[in-house]
Number of protein chains: 2
Amino acid sequence: MAGPRPTIKDVAALAGVSKSLVSLAMRGSDRVAPASAAAIQSAANQLGYRPNAAARSLADRRSNTIGVLVQDLHNPISAEIIDGVQRQVRASGYHTMLVTGSEDAALEQSEIEKLLEFQVEGLVVIGHRMPAGVRDAITGDCPTVIITRAESEIAGLDSISNNDIAGARMAVDYLHGLGHRAIAHVTGGDNQVARMRKSGYEEAMNSYGLAKNIACYEGAFTDEGGYRGTSAALDSKHQHSAVFVANDLAAVGALAAVADRGLVVPKDVSIIGYDGMALGGLRSIGLTTIAQPLASMGEDAAALLFQRINDPGRLPVHIELEPSLVIRNSTGAYLG
Amino acid sequence: MAGPRPTIKDVAALAGVSKSLVSLAMRGSDRVAPASAAAIQSAANQLGYRPNAAARSLADRRSNTIGVLVQDLHNPISAEIIDGVQRQVRASGYHTMLVTGSEDAALEQSEIEKLLEFQVEGLVVIGHRMPAGVRDAITGDCPTVIITRAESEIAGLDSISNNDIAGARMAVDYLHGLGHRAIAHVTGGDNQVARMRKSGYEEAMNSYGLAKNIACYEGAFTDEGGYRGTSAALDSKHQHSAVFVANDLAAVGALAAVADRGLVVPKDVSIIGYDGMALGGLRSIGLTTIAQPLASMGEDAAALLFQRINDPGRLPVHIELEPSLVIRNSTGAYLG
DNA sequence: ACGCTTTATTGGACCGTTCCAATTTTCAAG
DNA sequence: CTTGAAAATTGGAACGGTCCAATAAAGCGT
């Protein structure tokens, strides 16, 4: 059965019709006589014919494909967002082409390049960084939505995020309400989202007159980063009774740092994360967190993208959703 | 700047050369005079030219693309395997097109169909199920490697897995060595990998003369499945002092089930998982497990794929790696 | 049986590349 | 200069589909 794959011509020859008719039949047109349709169908099956997407997309001048760039596949929230994106994209009759980014900016750039060469009709970026290539994509007329990061100034770019400042404040409010005063923050590194969460933290602390208690420890949006930052916090001379960690993945690392020091959560120290990843909900982790509506953010992003595809000229939209507090077992009253 | 994207013809016109020469130049041929190369380069930049992958792949009759089907993106080990696959694929000058499967077999089938329509030159399947479409793919001459599941009989299909039976035995050996006798197993559902782990468990129990203690509880390869199965185990009249859970994700669910009953790990009950996902290594989870070399499995899989692409006729290869025991805090001596 | 409309079918141009054989240009040697 | 070989460039035929205008076949009322 080796040899070149059968083409539309082979099917036409076997069915004894023209390739145009096969083309029509394959796409389920109702202008094909039932008898012909049957003959074509059977010829196609017999040969194991499968249309060539490259040829089709060339002739059509559309790929029917949406590109998705996931910057951090290791963060479980990516999977949850992707689910939402996929669901919506499929519902619209398109399909997705997924690529993963990485810390290596050049590599990420070239992945985007590849997507564009494939003539994707839209681009969804999931992550907090804004890769250089995205800017080109947009000016090159490829509708783009970025999830997780707010972006308003750029024409042609829609974005969808949650209100990180409000979320961070919410975290501090909650801890403050539990009686905590020495509340530390483990940051998420050098990116817009992390900066907003940090400034929400600072604002809230200030508003409670706790400016002198503000203490930020450098971390990252990874388990390892959370471990590192929280270790620094706990080893400092300040007696932090609570730590607001930049995201859930890092917060799991934070829990590890606490455990490593023989301390107990939430008796000795309270930990609160951010994101609302599903895994954090398991009782064995039981992470209190500020949750984003991940799946629906994915869906909304895709919906936004299709809106723009249908109306390229429309003004950039930025949707900001409100996060919500999810209380679990990693936080408790200050027992000072 | 709207309008149709520039094509190779536009570049040729602007640079004052033929499209053939532009084609050559874009691919960095050394048969192009330096002066022309420069002119072409600058024309291309000026127009923002980007080659059309569909046209290229049509003319070339090769897509330079490897398709990857990930059956369960929510399991963190998927990301670890994908990393390995991507690294190797990139090193070979190809790129990957990732799609996600799901419980819905029809949907998964159609995702594979899409990959094949894109004329991917190879297929990597990550997961324990063997989707119907894969069989077609193989007989349709698309080299395929399946990761995580052993497969030997099918021509044209390579596979790479770990020795699940030995791994499961290893888990029981270890627990037995700690003094446990009433060792329960929470299964991973109805698939080959889960069945092998189960039979490894049974064999080991038998070899210790513990046949009457064999107790399997139905679970799944998800946190929820582990929670459910372990709950059933703990609520049963048998006094299980240890539970071997089918995979790490489920084991995290198992830890939750234990915690929910006010029991403490490992004092009251020991939990051991399977897979070696990175997250399990965090001290806050501290999951003892049977680890697979995930990233290198991904790399090896891709390497295998390229071997086959270069030599389509070669016999199917099955690589089986040995898993290793990683001891952390979820297991301890029997204190009964 | 006759036009006339409707329904089926077809050939060929085109989509944006690559490849190849053929042509033009360049250049060193005689 | 001429000449032949090497280097640079080119036109046009693929690749496997879709689309459109044109043609062929069927149906239908009188």
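Chain letters run A, B, ... following the sequence lines, proteins first, then strands; residues in each count from 1.
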**Item:** Those residues of residues 8-15 of chain A lying under 4.0 Å from DNA chain D by at least one heavy atom
**Value:** Ile8(A)

**Prompt:** Is the backbone of Ser159(A) close enough, under 3.5 Å, to the side chain of Ser161(A) for a donor and an acceptor to pair up by distance?
**Reply:** no

**Request:** Identify, with sequence neighbours excluded, every residue that meets side-chain contact (heavy atoms from CB on, under 4.5 Å) alongside His74(B).
**Result:** Ala79(A), Glu80(A), Asp83(A), Asp72(B)

**Message:** Rounded to whole Å, how long is the line connecting atom CZ of Phe118(A) with atom P of dC15(C)?
**Reply:** 21 Å

**Message:** Can a donor-acceptor pair be found, under 3.5 Å and without considering hydrogens, that links the side chain of Asp158(A) to the backbone of Val317(A)?
**Reply:** yes

**Asked** Looking at five pairs on each end of the helix from dA1(C)-dT30(D) to dG30(C)-dC1(D), what is the angle between the two axes, given to 10 degrees?
**Response** 40°

**Asked** To the nearest angstrom, how far is Arg5(B) atom CZ from dT17(C) atom P?
**Response** 12 Å

**Prompt:** Looking only at atom types and distance, does a side-chain atom of Arg149(A) sit under 3.5 Å from a main-chain N or O of Val193(A), one as donor and one as acceptor?
**Reply:** no

**Prompt:** Sub-3.5 Å donor-acceptor pair from the side chain of Ser29(B) to the main-chain atoms of Leu24(B), do we have one?
**Reply:** no

**Heavy-atom donor-acceptor pair, Asp10(B) side chain to Thr7(B) backbone, under 3.5 Å** = yes

**chain A contact limits on DNA chain D, taken 5' to 3' with a cut-off of 4.0 angstrom to heavy atoms** = dG16(D) to dC19(D)

**Complete:** side chain to side chain contact (heavy atoms under 4.5 Å, CB included) with Ile82(B): of Val70(B), Ile77(B), Leu294(B), only one passes, and it is Val70(B)

**Asked** Does the Arg308(B) side chain pair with the main chain of Leu304(B), one donor and one acceptor, at a distance under 3.5 Å?
**Response** no

**Request:** Within residues 19-34 of chain A, find the residues that approach DNA chain D with a heavy atom at under 4.0 Å, and present them sorted by residue number.
**Result:** Lys19(A), Ser20(A), Ser23(A), Arg27(A)

**Request:** Hey, could you give me the CZ/OG1 distance between Arg90(B) and Thr96(B), rounded to the nearest 0.5 Å?
**Result:** 6.5 Å

**Asked** Is there a donor-acceptor pair closer than 3.5 Å between any side-chain N or O of Asp311(A) and the backbone N or O of Gln307(A)?
**Response** no

**Message:** Could you check whether any side-chain N or O of Gln71(A) sits under 3.5 Å from a backbone N or O of His128(A), counting only pairs where one atom can act as donor and the other as acceptor?
**Reply:** yes

**Prompt:** Closest nucleotide of DNA chain D for Asp60(B) versus for Val17(B): which of these residues is on the 5' side?
**Reply:** Val17(B)

**Request:** Begin with the C-alpha distance, continue with both residues' side-chain angles, and end with the deciding distance and a verdict on side-chain contact (heavy atoms from CB on, under 4.5 Å) for Val85(B) and Ile147(B).
**Result:** CA-CA 10 Å; Val85(B) 172; Ile147(B) 305 186; 4.1 Å; yes

**Request:** Quick one: pull up CD in Gln86(B) and CG in Leu107(A) and give me the separation to the nearest 0.5 Å.
**Result:** 9.0 Å

**Main-chain N/O of Arg62(A) paired with Glu121(A) side-chain donor or acceptor, under 3.5 Å** = no

**Request:** For the residue pair Lys114(B) and Glu117(B), establish whether any side-chain heavy-atom pair is separated by less than 4.5 Å.
**Result:** yes

**Request:** Could you check which residues of residues 35-50 of chain A get a heavy atom under 4.0 Å from DNA chain D? Sort them by number, please.
**Result:** Tyr49(A), Arg50(A)

